[in-house]
Student: 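Handing you this structure, nothing more for now.
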Protein chains: 2
Amino acid sequence: MAQTDTVTRILDTAEVLFAERGFAETSLRNITSKAKVNLAAVNYHFGSKKALIQAVFARYLDPFTERFHTVLDELESEYGERPIPLEVLLECMARTVLEVPAERNSLKVFMRLLGLAYTQAQGHLRRFIQDHYGSVFTRFAELVRRATPDLPDAERFWRLHFMLGTVIFTLSGLDALRDIAEKDYGEHVSVRDLIRRLRPVVVAGMNAPLPEPAKAAS
Amino acid sequence: MAQTDTVTRILDTAEVLFAERGFAETSLRNITSKAKVNLAAVNYHFGSKKALIQAVFARYLDPFTERFHTVLDELESEYGERPIPLEVLLECMARTVLEVPAERNSLKVFMRLLGLAYTQAQGHLRRFIQDHYGSVFTRFAELVRRATPDLPDAERFWRLHFMLGTVIFTLSGLDALRDIAEKDYGEHVSVRDLIRRLRPVVVAGMNAPLPEPAKAAS
DNA sequence: TGACGTTTTAAACATCCGTTTATAATCAGA
DNA sequence: TCTGATTATAAACGGATGTTTAAAACGTCA
């Protein structure tokens, strides 16, 4: 099965290089030479560089969304009509994020890719992710809405993205930060450590008091 | 003074294009044609594309750090030996961030650039920023340390970066998010609105309860 | 005016990019 | 073993990139 071998070798190499340098800064020749594969193989198997980028994401996001939907199903049948507490929802998401890429020790890569999807231009990527995986985010957001009934809709929208920023930014820039932390505090930090540290901060942020109204307070 | 004119026209155009598309995705020909300047002018005035990128950052960060140092001086002389409250420190930083690029209506650009500095590869940029502007961050971190004496050093280190992630991620991806928010909640959101919303979340995150210890809790 | 340092300009440079082509190798089914 | 489709490979394509060169234009001061 030389075909599958070539395809996965391309994907394995591409995801690492993309995560390290970004999409535009990683050439097909970088990928194919490191993967020991012919240059034309990418266009043969994937069609284009854009399609390769999307395939790299799909390999993470397909199992993630499937698993996340399953776990949410279980939670919903367990709680019935009662709202699922915010802590449970966050815990459940964290667990899923941890489990999916675990087999390849690539959580760091996964997070970095998510960060790139947000920050790199690549309009096609945003559209691809929105179209293929928007529904699972919508479902999660709706459950968060029920868990935080006192939060105005707009406020919750923004806080969800604040928290997304906290997590993605931290985990995607992890390598650089870890070096500093290790040097300054002599403490080795695993991704699981970081998630343990993140949880109370995220929960406190979501439950923070509402900001003072825009124009009031003379 | 045609020289100054050319230099600033290059910088003005470059910062907008960099913020929109990133560094690698913006070619010198993009910049020079939009700025109505000869292609070779960039290499003549700045030496290289890397140097141009650094010059774009220096134009924001030089006045920012100068002003921030001044404001911190004032705060320290006002509080003497007493620690400056966290809210005051954050408020002071937010005000400085808002004031510096205000004259050019370019806060959005500034934030987006900061986000790029973190997420794009560009090792030279990280080194440049670290070398030239690391000291002001160190000073701020020390003041935060005195404001949160109960926080373990490592915990505070990570929380500072969590908060940095929240702010930079949100403000740098602001355009996309603002479109969604406007469509879904019919609410126009200014950068000042967002900072108003950010403050309670950031404060609550910094003051969140400590995470449970790593291996305890049978 | 004339000479000189600075700035602008057009053109070329070498290099890299993503993609395509045409040919060779490989493999399964008859 | 021959056939036909699938996969691998080397080479080339057209175009874009950052940078350099050498000549022109400009401004300034004697």
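Chain A is the first sequence line, chain B the second, and so forth, proteins listed ahead of strands; every chain is numbered from 1. These numbers were taken from a predicted model, which means no experiment stands behind them.
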Student: Return the nearest nucleotide to the side chain of B:Asn30; candidates are D:dA10, D:dT19, D:dT17.
Tutor: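 From the listed options, D:dT17 comes nearest.
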Student: Which nucleotide, C:dT19, C:dG18, D:dT9, lies nearest any side-chain atom of A:Ala40?
Tutor: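 Of C:dT19, C:dG18, D:dT9, D:dT9 is nearest to the side chain of A:Ala40.
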Student: Please give, in whole Å, the distance from C:dC17 P to A:Glu25 CD?
Tutor: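 Spelled out: CD on A:Glu25 to P on C:dC17 is 12 Å.
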Student: Can you check the B:Asp5 CG to D:dC26 C1' distance for me, whole Å?
Tutor: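 The distance from CG of B:Asp5 to C1' of D:dC26 comes to 15 Å, rounded to the nearest Å.
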Student: Do A:Glu99 and A:Arg95 meet the salt-bridge criterion of a basic N to acidic O distance under 4.0 Å?
Tutor: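 No, this pair does not count.
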Student: C:dT6 phosphate, OP1 or OP2: any side-chain N/O from B:His45 under 4.0 angstrom?
Tutor: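 Indeed not, no polar side-chain atom of B:His45 lies that close.
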Student: OP1 or OP2 of D:dA8 less than 4.0 angstrom from a side-chain nitrogen or oxygen of A:Thr6, does that happen here?
Tutor: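 Indeed, a polar side-chain atom of A:Thr6 lies that close.
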Student: In whole angstroms, how far is the P atom of C:dC17 from the CG atom of A:Leu39?
Tutor: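 The distance from CG of A:Leu39 to P of C:dC17 comes to 10 Å, rounded to the nearest Å.
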Student: Where the side chain of A:Lys49 is defined as all heavy atoms beyond and including C-beta, which of C:dG18, C:dT7, D:dT7 is the nearest nucleotide?
Tutor: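 Closest nucleotide to the A:Lys49 side chain: C:dG18.
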Student: Is any side-chain nitrogen or oxygen of A:Asn38 closer than 4.0 Å to OP1 or OP2 of D:dA8?
Tutor: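 It does not, given that no N or O in the side chain of A:Asn38 lies less than 4.0 Å from OP1 or OP2 of D:dA8.
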Student: Taking B:Arg67 for the side chain and B:Val97 for the main chain, is one N or O donor matched with an acceptor at less than 3.5 Å?
Tutor: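 Here the side-chain-to-backbone pair does not exist.
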Student: Nearest 0.5 Å, please: how far is CD1 in A:Ile53 from CG in A:Leu116?
Tutor: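 If we round to the nearest 0.5 Å, A:Leu116:CG and A:Ile53:CD1 are 9.5 Å apart.
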Student: Any ion pair linking B:Asp12 and B:Arg59 (charged N to carboxylate O, less than 4.0 Å)?
Tutor: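 Salt bridge flag = yes for B:Asp12 with B:Arg59.
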Student: Working to the nearest 0.5 angstrom, can you tell me the gap between A:Glu155 CD and A:Met206 CE?
Tutor: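 Nearest 0.5 Å value for the CD-CE distance: 9.5 Å.
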Student: Using atom OH of A:Tyr44 as one end and atom P of C:dT26 as the other, report the distance to the nearest whole Å.
Tutor: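 In whole Å, C:dT26 P lies 15 Å from A:Tyr44 OH.
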Student: Assign each of A:Arg29 and A:Lys36 to its nearest nucleotide of DNA chain D by heavy atoms, then name whichever residue's nucleotide is nearer the 5' end.
Tutor: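 Counting from the 5' end, the first nearest nucleotide belongs to A:Lys36.
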Student: Whole angstroms only, please: what is the CG-P distance between B:Leu28 and D:dA16?
Tutor: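 Going from CG in B:Leu28 over to P in D:dA16 covers 15 Å.
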Student: Whole-Å distance between D:dT17 P and B:Ile31 CD1?
Tutor: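 To the nearest whole Å, that distance equals 11 Å.
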Student: Separation of A:Phe23 atom CZ from C:dG18 atom P, in whole Å?
Tutor: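 Spelled out: CZ on A:Phe23 to P on C:dG18 is 13 Å.
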